[in-house]
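All remarks here apply to the structure that follows.
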There are 2 protein chains.
Amino acid sequence: MQPKLADVAKLAGVSVTTVSRVINERGYLSAATKEKVFSAMQQLNYQPSLAARVLQGKQFKLVGLIFASVENPLIAQVVEEIENRLFARGYKAIICNSMDNPEKEQQYLKMLMANQVDGIITGSHNEGIKEYKMSGLPIVSYDRYFQTKIPTVSSDNQAGGELAARVMIEKGSKRFMLVSGSLEKRAPNNRRLTGFEHVAEEHGCSVQMVAFPFNSTPNIRRATLREKLLASQPDGIFCTDDQTALLCIQEARKAGMRVPEDVQVIGYDGSDYVQEYHPELSTIVQPVGDIADLLVRLLFNRLQKNDDELLDKYVLPIKLLQRDSLRK
Amino acid sequence: MQPKLADVAKLAGVSVTTVSRVINERGYLSAATKEKVFSAMQQLNYQPSLAARVLQGKQFKLVGLIFASVENPLIAQVVEEIENRLFARGYKAIICNSMDNPEKEQQYLKMLMANQVDGIITGSHNEGIKEYKMSGLPIVSYDRYFQTKIPTVSSDNQAGGELAARVMIEKGSKRFMLVSGSLEKRAPNNRRLTGFEHVAEEHGCSVQMVAFPFNSTPNIRRATLREKLLASQPDGIFCTDDQTALLCIQEARKAGMRVPEDVQVIGYDGSDYVQEYHPELSTIVQPVGDIADLLVRLLFNRLQKNDDELLDKYVLPIKLLQRDSLRK
DNA sequence: AACCGTGTGTCAATCGTTTGACATAAATTA
DNA sequence: TAATTTATGTCAAACGATTGACACACGGTT
């Protein structure tokens, strides 16, 4: 059995109230007593019962993270960086892989709701889940707009799309393929598409659109891409995520096109993993560290009820990582 | 304020005891009452207070996952598959990225211990952390041997190393480089090395060893690899993880060696990500689904106190994924 | 001598749920 | 009709920590 407050008190030779005072730092306390209590806690390896504390209205120090899937390198990095920052503040993170499945997401919310977690950070992409409104929990979101007043952090998707178009046009591309790795209605990352299209049209370039549902497998994507590549023979491709961009490069080569000579490719995300292990891929890099930082900061703002000056949207700057899938 | 048991009782027009009975399925209950109670819970969107239940000795339904870093594709996949299975059983997962840092791991254990989680699944690689023994929690581990009687699941590292050696020897390699992506003392994956060395020596092949500490960056690894590649001019490389294998391929090419003509490369892990997005890499594939399955199953065995017939070690079979980094 | 700040103790209520003991009443069965 | 079984209610004690009210020291100030 785990030691309880009373055990610590007995060992330290003080009352439970005093031990509680030491733990919660209230009232007057002599250095000697504190010392005795701490050493008793140490000896017993005492950990206060979280459950009991929560019942008193204290915080769980638990945050739910709802994302589509940590198998995506960008999400993995976002989750890891968030988790690091939460840990530094003494918080734990519950991981929820929604697989972009609204039902699963709803179930997760149910689990997290009520009194279980103190707050939620979500980067999942589903529409109109009423529990988000009901929960009454502090929530912040990544790359996702909500109806209600939930602060959203995202990279500058519009600028990213525009930049990708501008760079490829500058380097001679004229017939574009625009590949959306996942298609949702209210996701801000649709701006990646509109930004790209806008600039392309401005320069009189053609844009062929290809879109995949989130759950389409790489093999399905490959088959579709191969067909579209052969049919439209683009000389520039912009993908809204890096993994799809990798498939494009590979399928283009299989189809006999040279990258970047015949067709240039730019992806989006620029996770550390992609930067390190796919050295050829040019991509629009999201500032993941800043994103994690801001998400956590915003959440704590709401946790501490400083509802002051929280904006609805925070858009962080992106940058281009130019590598061999782009011409010099 | 969240609705509580009493609110549900009032709305349903029954006593709190009855509501509790419905929730916990004890005693006699008429269908009509159950219906009334369920609909009241629905209406109020009632969620029982986890904290209060835990205080009664119920389970938190919370499991801690301690792994080095979810940025590693294999770990991400293991974590995701574990999380899926836990979720299916109504459990939540707390994610802990230890970064292979013993202090961080110790802190995590402290957080998880006491009364906070019901069990722990760890794939982290640190030595002699006394809290593991103290915790008294059900623990199962992945690819890691413990002193105490903690069940360990791993892939057949020995066979994996042997297979890698045998295949490359068969395809003509004689001078090997053996690259360990991380070096720990008590990790079963050292068997990957010994298995490889054993077969190589048996066939009279030379083996040059290169080892990296866990936290060495890709750039450091690259620099070291380049130097070692030029110095020893191997015609076969086996890496204990896929990411390092990718670096080997890239650096070998930069050094003017052809893969697989001049040098063959085999990695280890074979995560879905690597299979999909690094189509060239040959690798020893761990059965991640089975591993996750077994880990969760073993944990639940201990959670339910069925301490029957738990083995110390569970070694699952591996297989070779042969692709272009190996000769035909 | 009266007063205050400091340090500690006792006591009891509280958080929300569970559970056992016990009572009661209707429906069912012997 | 009597004895069960079924269905529900009341009551109160847990679970472990927190906290406010209050008491009572002791030392040092005025």
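The chains referred to below are lettered A, B, ... by the order of the sequence lines, with proteins before strands, and numbering in each begins at 1. These numbers were taken from a predicted model, which means no experiment stands behind them. Scope of the values below: all heavy atoms of this structure, side chains included, with no hydrogens, waters or symmetry mates.
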State, without any angle test, whether A:S69 and B:E80 hold a side-chain donor-acceptor pair at a distance under 3.5 Å.
yes
Using the C1' atoms of the five pairs at each end, what is the angle between the end axes of the helix from C:dA1-D:dT30 to C:dA30-D:dT1, to 10°?
40°
Taking only residues two or more places apart in sequence, or in another chain, which ones meet A:Q59 in a side-chain hydrogen bond (donor to acceptor under 3.5 Å, both in side chains)?
A:Y91
Scan nucleotides 25-30 of chain C against the protein and return all N/O pairs shorter than 3.5 Å with their distances rounded to 0.1 Å.
none

Kindly list each side-chain donor-acceptor pair under 3.5 angstrom involving residues 32-44 of chain A, sequence neighbours excluded, with atom names and distances?
{"residue": "A:T33", "atom": "OG1", "partner": "A:S30", "partner atom": "OG", "Å": "2.6"}
{"residue": "A:S39", "atom": "OG", "partner": "A:K36", "partner atom": "O", "Å": "3.4"}

Check whether any side-chain N or O of A:K34 sits under 4.0 Å from OP1 or OP2 of C:dG7, and answer yes or no.
no
In whole Å, I'd like the distance from the CZ atom of B:R53 to the P atom of C:dT19.
8 Å
Rounded to whole angstrom units, what separation is found between the CD atom of A:Q2 and the C1' atom of D:dC15?
14 Å
For B:L55 and D:dA13, what is the distance between atoms CG and P respectively, to the nearest whole Å?
17 Å
Let me know the distance between NZ of B:K4 and C1' of C:dT17, rounded to the nearest Å.
11 Å
Rounding to an integer number of Å, can you tell me how far B:Q56 CD sits from D:dC15 C1'?
5 Å
Sequence neighbours excluded - ring pair (Phe, Tyr, Trp, His ring centres under 6.0 Å) pairs with any residue from residues 12-36 of chain A:
none
Whole angstroms only, please: what is the NZ-P distance between A:K58 and D:dG16?
18 Å
Can you name the side-chain hydrogen bond (donor to acceptor under 3.5 Å, both in side chains) partners of A:D290, sequence neighbours left out?
none
For residues 7-16 of chain A, run the donor-acceptor check on the side chains, cut-off 3.5 Å, and write out each pair with its distance to 0.1 Å, sequence neighbours left out.
{"residue": "A:D7", "atom": "OD2", "partner": "A:K4", "partner atom": "N", "Å": "2.8"}
{"residue": "A:S15", "atom": "OG", "partner": "A:T18", "partner atom": "N", "Å": "3.2"}
{"residue": "A:S15", "atom": "OG", "partner": "A:T18", "partner atom": "OG1", "Å": "3.0"}

Spacing between A:K10 atom NZ and C:dT10 atom C1', to the nearest angstrom
18 Å
Between A:A52 and A:K36, just flag the one whose closest nucleotide in DNA chain C comes earlier from the 5' side.
A:K36
Listing request: all salt bridge (Lys or Arg N to Asp or Glu O under 4.0 Å) pairs with a residue in residues 17-27 of chain B, at least two apart in sequence or in separate chains.
none
side-chain hydrogen bond (donor to acceptor under 3.5 Å, both in side chains) against B:E81, all qualifying residues, sequence neighbours excluded:
B:Q77, B:R85
CD1/A:I139 to CD1/A:I120 distance, rounded to the nearest 0.5 angstrom?
4.5 Å
Where along residues 12-30 of chain A does a heavy atom fall under 4.0 Å from DNA chain C?
A:G13, A:V14, A:S15, A:T17, A:T18, A:R21, A:Y28, A:L29, A:S30
State which residues pass ring pair (Phe, Tyr, Trp, His ring centres under 6.0 Å) with A:Y108; sequence neighbours excluded, sorted by chain then number.
B:F87
Listed by chain and number, what are the side-chain hydrogen bond (donor to acceptor under 3.5 Å, both in side chains) partners of B:N215, not counting sequence neighbours?
none
Could you tell me how far apart A:L44 (CG) and D:dA17 (C1') are, to the nearest whole angstrom?
16 Å
